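Counting starts at 1 for both ligands and their atoms, in listed order. Because the structure is predicted, anything quoted here is derived from the model rather than measured. All residue numbers refer to positions in the sequence shown, counting from 1.
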Amino acid sequence: MCKKIVIAIDGPAASGKSSVAKNLAEKLGFTYVDTGAMYRAITYLAIRKNIVDDVDAVIDLVKNIKIELKFENGLTRVFINGEEVTEHIRTPEVNAKVSEVSRIPEVRQELVKIQRKMGENGNLVAEGRDTTTVVFPNADLKIYLTADLDERATRRHLEYQEKGNNVSFDEVKENLKKRDTIDSQRKVSPLSKAEDAYELDTTDLTIEQEIENIIKKVEEIKAKKEMQN
Ligand code: DC
C-alpha cells in the first residue's frame with residue numbers, strides 16, 4: 001500500500017488557494033480541508049451571538065461547538081452543531097472580523113486539532129495560512145501561493161458581484177490589505193512561507209496552468225513513494 005500523501009497550501013487572502021486546492025482534491029480524489037472555512041464559521045457564529053469582540057466568550061464558544069466540513073460537488077459545506085452555515089461565512093461582515101478571531105491562540109489550538117484529525121486517515125489537500133508551517137509541517141508537498149494585491153482584489157470583487165454583494169473595489173482591496181497585515185504579523189502561527197515550500201505566483205497564470213504545475217509535482221512524489229515501498 002502506498003503511504004498517504006499530504007499537500008498543504010498557504011498564501012494571502014484571495015491568492016487562489018481555495019480554487020487550486022478544491023480542483024486538486026477533485027482531480028486526485030483527496031480529502032479537501034478548507035481551514036479558513038472553520039475560522040469563518042466561528043466568526044460568523046460569534047457575530048450572530050453578538051460576542052465577536054469578547055475574546056473569552058469566543059474561546060468558550062469554540063470549545064463547545066462541533067464544526068464539520070463536507071466537500072461535495074466542488075463545494076465545501078460547513079456545519080456548526082449540525083446547522084449548515086455555508087451561505088453565511090463569506091460575507092463582507094465575516095471578512096471584516098475573521099482575522100481578529102483567528103489570532104486568538106485558543107481558537108487556533110482547537111481548530112488545528114480538528115484539522116489534524118481530518119488528515120489522519122488518507123490523502124488530503126489542506127489550505128490556509130499555517131497548514132505548511134503548523135498544521136502539517138511534514139506535508140509531502142508544500143505550496144505558497146501568491147498574487148499581486150490588485151489581482152487578488154479584482155478576483156474577490158468579481159466573486160462578490162456574482163453573489164450580488166454590493167461592495168466597492170476599493171473596500172475589497174482595503175479589507176485584503178488589512179487581513180494580510182493581521183494574518184502575517186500576529187504572534188501565533190502567522191502567515192509565512194515555509195522554507196521548503198514551493199512558491200507559485202498566480203498573477204498571470206490560469207487555474208489550469210496552476211493545477212498542471214502542481215500535478216506534475218504530485219506525480220513525482222507518488223513515484224518516489226512507490227520506489228520506497
Ligand atoms: O482563506 P480564507 O480567506 O477563507 O481565510 C479567512 C481567514 O481565516 C484569514 O483571513 C485568516 C484566517 N485563517 C487562519 O488564520 N489560518 C488558517 N489556516 C486559515 C485561515
**Message:** What verdict does the salt bridge (charged side-chain N to carboxylate O under 4.0 Å, His left out) test give for Glu159 and Arg156, after you've listed the backbone C-alpha separation in whole Å, the side-chain angles of each residue and the deciding distance to 0.1 Å?
**Reply:** CA-CA 5 Å; Glu159 254 174 55; Arg156 189 50 49 92; 3.3 Å; yes

Just to confirm my output: which protein heavy-atom neighbour is closest to [atom], and how far is it?
| atom | result |
| --- | --- |
| atom 4 (O) of ligand 1 | Arg40 NE, 2.7 Å |
| atom 19 (C) of ligand 1 | Thr35 OG1, 3.3 Å |
| atom 6 (C) of ligand 1 | Arg179 NH1, 3.4 Å |
| atom 20 (C) of ligand 1 | Gly36 CA, 3.5 Å |
| atom 1 (O) of ligand 1 | Arg129 NH1, 2.9 Å |
| atom 18 (N) of ligand 1 | Asp130 OD1, 2.7 Å |

**Item:** From CA spacing to verdict: side chain to side chain contact (heavy atoms under 4.5 Å, CB included), Glu110, Lys113
**Value:** CA-CA 5 Å; Glu110 290 302 316; Lys113 268 192 237 164; 3.4 Å; yes

**Message:** Below the 3.5 angstrom mark, is there an N/O of Arg156, backbone or side chain, next to an N/O of ligand 1?
**Reply:** no

**Message:** Is there a polar contact, in the sense of an N or O pair closer than 3.5 Å, between Arg186 and ligand 1?
**Reply:** yes

**Request:** Using non-hydrogen atoms of the residue, decide whether Gln115 is closer than 4.0 angstrom to ligand 1.
**Result:** no

**Prompt:** Non-hydrogen atoms of Arg108 versus ligand 1: any pair closer than 4.0 Å?
**Reply:** yes

**Prompt:** For Glu195, does the CD atom have more than 12 heavy-atom neighbours from other residues, nucleotides or ligands under 6.0 Å away?
**Reply:** no

**Asked** Are there more than 12 heavy atoms of other residues, nucleotides or ligands under 6.0 Å from atom CG of Asp204?
**Response** no

Which ligand 1 atoms, with their elements, are less than 4.0 angstrom from a heavy-atom of [X]?
| X | result |
| --- | --- |
| Ser99 | 10 (O) |
| Ser102 | 11 (C), 12 (C), 15 (O) |
| Asp183 | 9 (C), 10 (O), 11 (C) |

For the hydrophobic clusters of this structure (ILVMFWY residues joined by side-chain heavy atoms under 4.5 Å, transitively), does one cluster hold both [X] and [Y]?
| X | Y | value |
| --- | --- | --- |
| Val20 | Leu158 | no |
| Ile104 | Ile67 | yes |
| Phe136 | Ile7 | no |

**Prompt:** Is there side-chain contact between Leu45 and Ile65, with at least one heavy-atom pair below 4.5 Å?
**Reply:** yes

**Residue from Thr203, Thr146, Thr202, Asp180 passing side chain to side chain donor-acceptor pair (under 3.5 Å) with Arg152** = Asp180

